[in-house]
Number of protein chains: 2
Amino acid sequence: MAEGPTINTIARHAGVSIASVSRVLNGLPTREETVRRVLRAAEELGYVPNSVARSLKSRRTNQVAFAMADIGNPVYLAMVREIQPVLRAAGYRLLLHSTDADVADELDVLRGLGERYVDGLIMIPLRVTEGHLSALAAARAPVVVIGSVPEGAGVDNVRTDSRTGVRLALDHLYGLGRRRIAFVNGPADTVPGAARAAAYREALDALDLPYDEDLVEVGDFYRAEGARAVRALLDRAGDVDALMCANDLIALGALDVLRRAGRRVPEDVAVVGMDDTDLAAVAWPSLTSVSLGSARRGRAAAELLLDRLENGEREPRVVTVEPRLAVRASTVGARAAEEYGENGAAGEAGDGGEGAREAGRTAGEEGIR
Amino acid sequence: MAEGPTINTIARHAGVSIASVSRVLNGLPTREETVRRVLRAAEELGYVPNSVARSLKSRRTNQVAFAMADIGNPVYLAMVREIQPVLRAAGYRLLLHSTDADVADELDVLRGLGERYVDGLIMIPLRVTEGHLSALAAARAPVVVIGSVPEGAGVDNVRTDSRTGVRLALDHLYGLGRRRIAFVNGPADTVPGAARAAAYREALDALDLPYDEDLVEVGDFYRAEGARAVRALLDRAGDVDALMCANDLIALGALDVLRRAGRRVPEDVAVVGMDDTDLAAVAWPSLTSVSLGSARRGRAAAELLLDRLENGEREPRVVTVEPRLAVRASTVGARAAEEYGENGAAGEAGDGGEGAREAGRTAGEEGIR
DNA sequence: TTGTAGGCGTTATCAA
DNA sequence: TTGATAACGCCTACAA
């Protein structure tokens, strides 16, 4: 761990000034003889430029941060997987912040931009408070927010459209002849919780189905909670023939409970999840799920940020990613599901940007394919 | 995005020297009046110290990098989830490198340490070449390697023991009365592939079971390949009564094929995976899997690195994480599996360090629980 | 073509 | 207790 050589060391070694060293290293016009001597010295000494010093001078770190609640969440994970290569290709390193869905943490991250340890930030706030808006306005580096943010927040914004998403699912279920379509939501006081609840009512309306309180259960966005909620639902409304779940984990819990209750999926009860995570394809029966385009949102966010880093002064932009329905066995049965193709959704990563990259052979430690 | 204030700005504002500003900001003894003026100016100007300048001076970045093949891989993901909070608690930011399992990339990361953009590195090399060894020896910052590394490599090292892992699985299967235990491996020329192949032979030996070439199939570490391999196996050795799969994805592929072939799991064929990823608990039937302690390995690596950052000169240390068997339905049946507890393995995160942290409510975008 | 010198924002030393 | 000043490693006018 010897102290590394600096341009000073090289200058001495090569018998030139540090300015010449810098010039050579940056490819500025220099006498050939000098170039040779500098390069040789650099080579011999194993010189590597100090990025911190360079950053201080250039005011760029070539680092970008991504802040989300928890990297263990498959939705955020899908985003990271897209964000990382895009940034990397542009020469940026990726820094990860797990905010644990804590508002104070999120605000800290925003204020932390003043430390200038990154050139920009992609963030998914749990919810958007007043504090967020003022912190965003005062941010000392470009920020891209994933998740809806009010007009005039002054930041680039990537959204999805859960309204349409829920609508796709309910239309699908309706088309399959389902009429008693229950809804299992997460907490109503979260942004997505509220949005999805509203979307459910709207979709029912559009289909001319009555809104029945007995068919709605609110729990949390976890598997165990999903199970609990579905048990409650079945007790209360034994005639449900479809479950719209506010995310895939809830849906997995639903599958567990239905299986134990002896209800066949999808014959007796069809189940739809949301987010179209990797888990949907692994579940049995495989899970029909509304894709909210996590990967595409991640990619879009990265691209917006890069663009803004080149071009700091353009107007803030809003990108909306359209939801899709990934049809699988939990609504149409295993046989039909195969006809839809292996996973229903048409290439989540979109536009030739392949989501699941070839990872070579990691031997027992591989991503899903 | 106005240029931020520096200690110079504050000094002018407060009518003191930059030295005084620095002192106050660092809590060094200062006259109270001066403290007040500096703090007020800092407050008014919204001063935030520039971490780049600070790093240049202090020669510490408070950043640590984690380099693995692909963050989408559930095994690495489990590691990141442990590494992140440990580092964060110690005041370090986490930087992510996806090497795509490319040796050249890995070496680049090691050489890149010379840029001093991080204080240390945790890395999982795909395989350990000569190049790795010399790059490790020349590394300009402390490195912790996850995965076996030869004695004398001079770096901290976290390992698992796949030998024992496979042994646990085969003992379990044997105990259930299985005698025709096939093995589905990934490429034999990878480190884990080779290790697991050897472990399988050894475990057979220990059980006095014959090694039967027909019972071994080599493919890749993916679900589709696992499916292919198992089809081949069934064609060739229809009497297999158990499948030892070299990772969970292969095992998932196996479940698909068995289901289609009308073989009941576990009644006709028991299936064991490896790595005990989140997917194992989601699969149906839920998958018995050898846990190689991904989370614990991650945590151990982070702790080793932190220790070394405090104490640069101690001897390199080797930590070995013991494998465990997570028994689930794919070997003992759904009913019995429940008696083992929800997922068989006794708290993978170990030692009170809870792996699956409460993530609050992320509303539709949650990790598995 | 090259070298000297100043500055990026901090910290730390040394006089005053 | 405070201020001037010199680093940290690099880049870049500007002068030679």
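A, B, ... follow the sequence lines: proteins, then strands. Residue 1 opens every chain.
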Does A:Ser22 reach a base, just sugar-phosphate, or nothing at all? Heavy atoms under 4.0 Å.
base
Looking at A:Tyr117, I'd like to know whether one of its side-chain N or O atoms comes within less than 4.0 Å of OP1 or OP2 on C:dG9.
no
Return the value, rounded to whole Å, for the distance between atom CD of B:Glu32 and atom P of D:dT2.
11 Å
Counting only side-chain nitrogens and oxygens, does A:Arg54 get under 4.0 Å of the OP1 or OP2 atom of D:dC11?
yes
Rounded to whole angstrom units, what separation is found between the CD1 atom of B:Ile7 and the P atom of D:dC8?
17 Å
How long is the gap from CG on A:Leu87 to CD on A:Glu82, to the nearest 0.5 Å?
11.0 Å
Taking for each residue the nucleotide of DNA chain D bearing the nearest heavy atom, is the 5' side occupied by B:Thr30 or by A:Ala53?
B:Thr30
At under 4.0 Å, does any side-chain N or O of A:Thr6 touch on OP1 or OP2 of D:dG9?
no
Evaluate the side-chain proximity of A:Val149 to A:His132: yes if any heavy-atom separation is below 4.5 Å, no if none is.
no
When the distance from CZ of B:Arg140 to P of D:dG9 is rounded to whole Å, what number comes out?
12 Å
Distance-only donor-acceptor test, B:Arg116 side-chain atoms vs D:dG9 base atoms, 3.5 Å:
no
Ranking C:dT2, D:dG3, D:dA13 by distance to the side chain of A:Thr34, first place goes to C:dT2
Specify the residues of residues 58-65 of chain B, ordered by number, for which at least one heavy atom lies under 4.0 angstrom from an atom of DNA chain C.
none
Supply the atom-to-atom distance A:Thr61 OG1 to A:Leu56 CG, rounded to the nearest 0.5 angstrom.
12.0 Å
Rounded to the nearest 0.5 angstrom, the CG-CG distance for A:Asp119 and A:Leu121 is 11.5 Å
Under 4.0 Å between any heavy atoms, over every strand shown, what does A:Val52 touch: base, sugar-phosphate, or nothing? Just pick one.
nothing
Report the C-alpha separation of B:Arg60 and B:Tyr92 in whole Å, then their side-chain angles, then the decisive distance to 0.1 Å, and conclude whether the side chain to side chain donor-acceptor pair (under 3.5 Å) test is met.
CA-CA 10 Å; B:Arg60 301 197 121 237; B:Tyr92 287 87; 2.8 Å; yes
Can you say whether a donor on the side chain of B:Lys57 sits under 3.5 Å from an acceptor on the base of C:dT11, or the other way round?
yes
In whole angstroms, the gap separating P of C:dT1 from CG of A:Leu28 amounts to 12 Å
Output the single nucleotide from C:dA5, C:dT11, C:dG9 whose closest atom is nearest the side chain of A:Ile18.
C:dA5
Think B:Asn26 has a side-chain N or O under 4.0 angstrom from the OP1 or OP2 of C:dT11?
yes
Hey, does B:Pro49 reach any base, or is it just sugar-phosphate, or nothing, if we go heavy atoms under 4.0 Å?
sugar-phosphate
Going from CZ on A:Arg296 to CE on A:Met79, what distance comes out if it is rounded to the nearest 0.5 angstrom?
10.5 Å
Specify the separation, in whole Å, of atom CG of B:Leu25 and atom C1' of C:dT11.
11 Å
Rounded to the Å, how far apart are A:Asn8 CG and C:dG3 P?
13 Å
Rounded distance [0.5 Å steps], CZ in B:Arg36 versus CD in B:Glu32:
5.0 Å
Quick one: is B:Ser20 getting a side-chain N or O under 4.0 Å of the D:dG3 phosphate, OP1 or OP2?
yes
Enumerate, atom names and distances included, each donor-acceptor pair closer than 3.5 Å involving a side-chain atom of residues 13-21 of chain B, sequence neighbours excluded.
from    : atom 1 : to      : atom 2 : distance (Å)
B:Ser17 : OG     : B:Ala19 : N      : 3.3
B:Ser17 : OG     : B:Ser20 : N      : 3.3
B:Ser20 : OG     : B:Arg23 : NH1    : 3.4

According to a strict under-4.0 Å criterion, is A:Arg23 in side-chain N/O contact with OP1 or OP2 of D:dT12?
no
Between C1' on D:dT2 and CZ on B:Arg31, what's the gap in Å once rounded to a whole number?
9 Å
